[in-house]
Asker: 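The structure is given below, and queries will be raised subsequently.
Source: prediction; values computed, not measured. Residue numbering restarts at 1 for every chain, and letters A, B, ... go by the order of the sequence lines.
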Amino acid sequence: MAKDYMRFLAVQVISESKIISYRMLSRELKVHCNAAKRMLYEFHTHENKKKPGSVYAAYLLYGTQNAKTSNANGDAHKDGEDIPMASSPFLSSSMPQEEDTTEVPPVKVMTVVREENLEAVKAQYEEILSIHIYSLSPGPINNIHMLSVCNQQITTTYAHEDPLVFNKKYGVIQNPRVKRRTGARPPPPPAVIEPAKPTSYRPEPKKTETNATKAPDRPSSSRMTAPKSETSAAQPKPPETKPVDKKPSLKKEASDIFKSFGKTKAPTAKLKREETNTASTREDEPMKDASESEQEEDFMPSTTTTTTMAKPRPSGPSRSERKETLRKMMDEDSDEEMSNAPSKEASPPPPVADRPAPPAKEPSPAPPITASGGRRRGRRKVMRKKTVKDEEGFLVTREEPAWESFSEDEPRPPTASTAKKLQLPTPSSKAVKKTAPKAGQGNIMNFFGKK
Amino acid sequence: MAKDHHENLMSDFSDTEYTSNERQPSNYSPLQSFILAKGDQKHYQQQYGDMYFLRLAMLKPSVEEIAADAWEGAEIAGETVRRVERVLDVRQGEFCWVAGTVYRDMPLKPNILDDISKDHWISAPPPRVKYISQSGQDQTMLEDESGRLRLIGNMLQTTMLVTGCVVAMMGTENANGDFEVVDIKVPDLPRQPQRWEREDSDAALANGSGKSKSKIEGRPAGGKVAILSGLEINGDEADILAIDLLMEFLLGEACNQNTQQDVGSISRLIIAGNSIKEATLLAPRDEPSDKKASKKYGYDSAAYNPAPTAHLDNFLATLLPSIPITILPGESDPANVSLPQQPIHPAMFPRSRNYASVPGAEEAGWFDSVTNPWEGDIDGWRMMGNGGQPINDVFKYVEGDERLEMMESLLRWRCGAPTAPDTLCKCKTANPRGFGKKTDVFHVAGCYPFQDKDQFVIEECPHVYFVGNQPRFETSVIEGPAGQMVRLIAVPIFRETGEIVILDTETLDVEVIRFSVDE
């Protein structure tokens, strides 16, 4: 077992280019978090002795900063914020008074810092109470917020573990008084935690394609399954962005994605147009039932709005910068998300269009009608008014159901509503109806001739 | 560099024994002061005017007592100051004193009657930083059941006064009919319970006699309480790392053994509002026509983003096995908007709610979703806190940004939310002083129309008064006339400052821990 963790780290960090935090390592190897911190340290020194710069570390510092510098920091932060204009004059006026009336308690600061900035940040501390490696990565971390990926993975991957059992192993502070309801375990966290994660993942186009083509066959639960499939593609890949030669490799990745989509691109666009066409025609229909294509649409706005929703929030330059870098980092995935998602949305129609649209089904009305010998004949239920004189001599009008037979030459009764009702239960009928007017309505022989 | 502190973590792995710490217990018994009746028992048909009447009736005796002590028999310019029962009884030219409710008439203050008369339901005026108008159109008045007095005098500039606080004023009515204020008295801090008072009285009841002495000695030393506010999780990943650090710190995973031991003394976490940042809480009402087109059954995924709540739930569920949590709703949290905000519904926390108490249980849950404002006893101390709305609204009435002074004033007025129901509200304002019958569902009133008792009146002085979502951390201790000591804490917004407040429940000392990310 002795150097198992070294091998594990070598595989994870160097071969698979993952970010490994001490928390992650303690979960992976089921060891105390303090032990994990030292394993990271050992691996870091060991690898960098072999080849300097092969593994990068982020450190976690904890200690006291003197009030002066910390105050200055606080102010600088505040100025950058987008608070109502009045804030800065108040600050300056209230600052001196604050020193008289209110206490300035000691400030302890915990900072996560990249390897290259370690010494600079250390200098800001008056006393350092604790320092250890927070995480290791195969290359410098451009966006330090990427580190939160580790904890997100922990919440999803180790959700099945009972914290009351496992936390002791990881060195979490124990609380014997904890009260938890007996019974069902809490449900695992939903797969989608962040709508747009900083992970730059690369879902294989094949996978999504199969998903898309499968879509029409599925029952109308696409809303639930669609996001899941996306994240499941996302999860195994998060640390892709990590390699040292980051920029070029990412570029390559991006173009790869486009290339892989290149084939499908043209059809997607066309299909999309079709989809919008059908959508516009559909809008005239008064009936709104839960058909599949509609739900597919539901899903679309959700992804787009969540990503855009984050943008307009007013925030200071520091945050916007941060966001900018994040966005840069995520450019690739947001791009492919765009090209990916429409394909998902648009793809359901093709099989529908290809499928022989049974045009005969559309005009045929309610079941009891039999068409024999080219002539329509049948019985239908009608309400007849009947007026009778009752025992007391009053005239009573009653409506009674009665059957009557009819034939083709008679005008058809308005059975539209019943026809609609009957069509409802079949899920694909809607799509059929949609495409029917285009392909099927023209000339039925066209269809048969082709095959 | 103090190497001995941390050398063990910056060294190669060795197979030594790694121990886990144990967290200190938290003695916790919340009060149910602000829980509203449920379902049919809760009505919004009542007049808000009653609240002012109730508030005045509750506070008038105390403030008159204080005023009588100060002014009884006082002479100004050879004239004895006389007590006047009602505002309308004030006579021109006579020095007198009278108690009543302050009303500040400010043109910039949102006003329900303007809304109705101008039919302005559609476009609410943009929220203002301050209600104070630069042109000096603001007026301060003192009112009671009988009528109103317009107030003037320098005293008004130097004393913090907002709509709804009950005070006694001494002065004289001048030729214009304005009351010139010479002095102002407030109800000041109410009685403060002793530490462990409730527990002791319970014990005394249980034992039948004064055996509780022995129990006091047997009490474990109190730990620390971490208070934070404004996590403002909004599904935007850029700020998650700081929250992660906070979580790892509280779990005792981050840092070295010494620090982890210190963390073990933090026995409870209080979250004082605004855990979730709602991007668009209320859709603007002038675009209902667009909305209609996208009307769907069930929740509209375009309008609701489940990620922030899911993230908050995960955050809480990770902490809960190790530390008990009390969570107050805030302005942006998924709870009702009007004060007192009722607990955030457990359905919002599918993972964390397993640690909450079963509905209807007597005992407070390990995970306690409580009201805003909230009060309760922690390690014997009476704590009182809110999500920041009352202070943030008082801020709009007064010059400057002295949050602690506002907090102190609130306590000395004995009113936890003086500006409710006048202006304290989400977006549109009720000014229902006797007029506002709340039948319009679009209207967001400042608070629940209490009928029997103004619940915001502070009857027992807390030992710790914390207010969440303040622009920066501040703290001080104020003293009352009967020796009451109150620790005031303005809890900063975590998202902006990265700071949490640690309160020592033995000494009531406060320290700050900041979590930062080196960009």
Side-chain angles (χ1 to χ4, degrees), chain A residues 32-35 37-39 41-42 60 62 81 84 86 90 94 102 105-113 117 121 129-132 144-145 147-148 151 155 163-164 167-168 171-175 177-181 186-187 189-190 193-195 198 298 301-302 305-306 309-310 322-323 326, chain B residues 1-2 5-6 9-13 18 20-23 25 129 235-238 240-241 244-245 249 251-257 259 263-264 279 301-302 305 307 310-311 314 317 321-323 350-351 354-355 366 400-402 404 474-476 496-497 510-518:
Chain A
H32 194 282
C33 58
N34 286 353
K37 289 165 194 168
R38 297 177 67 172
M39 290 173 183
Y41 179 85
E42 187 178 344
L60 190 68
Y62 178 69
E81 290 298 318
F90 285 146
S94 68
T102 66
V107 177
K108 285 187 178 156
V109 183
M110 183 186 248
T111 315
V112 59
V113 55
N117 298 347
V121 174
L129 299 173
S130 156
I131 176 172
H132 63 79
I144 198 155
H145 294 276
L147 297 181
S148 63
N151 277 335
T155 41
L164 300 191
N167 273 355
K168 194 174 169 74
V172 173
I173 297 175
Q174 295 298 297
N175 205 327
R177 284 158 295 271
V178 62
K179 279 177 285 184
R180 192 169 62 173
R181 282 192 214 174
I193 296 166
E194 301 309 320
D298 279 4
S302 83
T305 46
T306 43
M309 216 151 61
R322 205 191 294 164
K323 239 179 238 163
L326 252 185
Chain B
M1 201 161 57
H5 279 305
H6 51 79
L9 290 183
M10 296 289 274
S11 60
D12 287 355
F13 172 73
Y18 295 93
S20 302
N21 299 305
E22 197 166 288
R23 201 175 287 279
V129 179
D236 170 14
E237 64 294 324
I240 287 174
L241 191 55
D244 278 350
L245 293 183
F249 174 79
L251 285 175
E253 288 193 72
C255 304
N256 58 11
Q257 187 71 22
T259 313
V263 173
S301 54
N305 178 6
H311 195 275
N314 282 337
S322 183
I323 185 168
R351 295 184 69 209
N354 264 39
Y355 298 89
W366 184 254
D401 193 17
E402 305 296 332
L404 287 178
E474 283 175 280
T475 185
S476 71
E496 283 171 13
T497 61
V510 174
E511 64 175 336
V512 172
I513 296 177
R514 183 186 308 137
F515 298 88
S516 67
V517 173
D518 182 60

Asker: Look up atom CG in B/N256 and atom CG in A/L129, then write down how far apart they are to the nearest 0.5 Å.
Answerer: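 Here the interatomic distance stands at 7.5 Å.
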
Asker: Which heavy atom of A/S130 sits nearest to which heavy atom of B/C255, and what is that distance?
Answerer: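 Scanning both residues completely, I find the closest heavy atoms to be OG-CA, 3.1 Å.
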
Asker: Within this structure, what is the CD1-CD distance for the pair A/I173 and B/E22, rounded to the nearest 0.5 Å?
Answerer: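 So the gap between those two atoms works out to 10.5 Å.
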
Asker: With a 4.5 angstrom heavy-atom cut-off, which part of A/V113 approaches chain B: side chain, backbone, both or neither?
Answerer: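 Both the backbone and the side chain of A/V113 come within 4.5 Å of chain B.
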
Asker: At a heavy-atom separation under 4.5 Å, does A/L60 approach chain B through its side chain, its backbone, both, or neither?
Answerer: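 A/L60 touches chain B through side-chain heavy atoms alone.
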
Asker: Roughly how far apart are A/N151 CG and B/D244 CG, rounded to 0.5 Å?
Answerer: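 Going from the CG atom of A/N151 to the CG atom of B/D244 covers 4.0 Å.
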
Asker: Hey, what do you get for OG1 (B/T259) to NZ (A/K108), rounding to the nearest 0.5 Å?
Answerer: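 Here the rounded value is 8.0 Å.
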
Asker: Closest approach of A/L147 and B/L241, non-hydrogen atoms and distance?
Answerer: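 Between these two residues, the closest heavy atoms are CB-CD1, 3.9 Å.
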
Asker: Taking only residues two or more places apart in sequence or in another chain, which ones pass ring-ring contact (aromatic ring centres under 6.0 Å, His included) with B/F249?
Answerer: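 B/F249: ring-ring contact (aromatic ring centres under 6.0 Å, His included) contacts with A/Y62, B/F515.
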
Asker: With rounding to the nearest 0.5 angstrom, report the CD to CZ distance, A/Q174 to B/R23.
Answerer: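 CZ of B/R23 is found 9.5 Å from CD of A/Q174.
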
Asker: Using the test side-chain hydrogen bond (donor to acceptor under 3.5 Å, both in side chains), find all partners of A/E42 that sit at least two apart in sequence or belong to another chain.
Answerer: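 Per chain and number, A/E42 pairs via side-chain hydrogen bond (donor to acceptor under 3.5 Å, both in side chains) with A/K3, A/Y5.
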
Asker: Do you know which of B/S516, B/A317, B/G252 has the most heavy-atom pairs with chain A at a distance under 4.5 angstrom?
Answerer: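 Top option by heavy-atom pairs under 4.5 Å: B/S516.
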
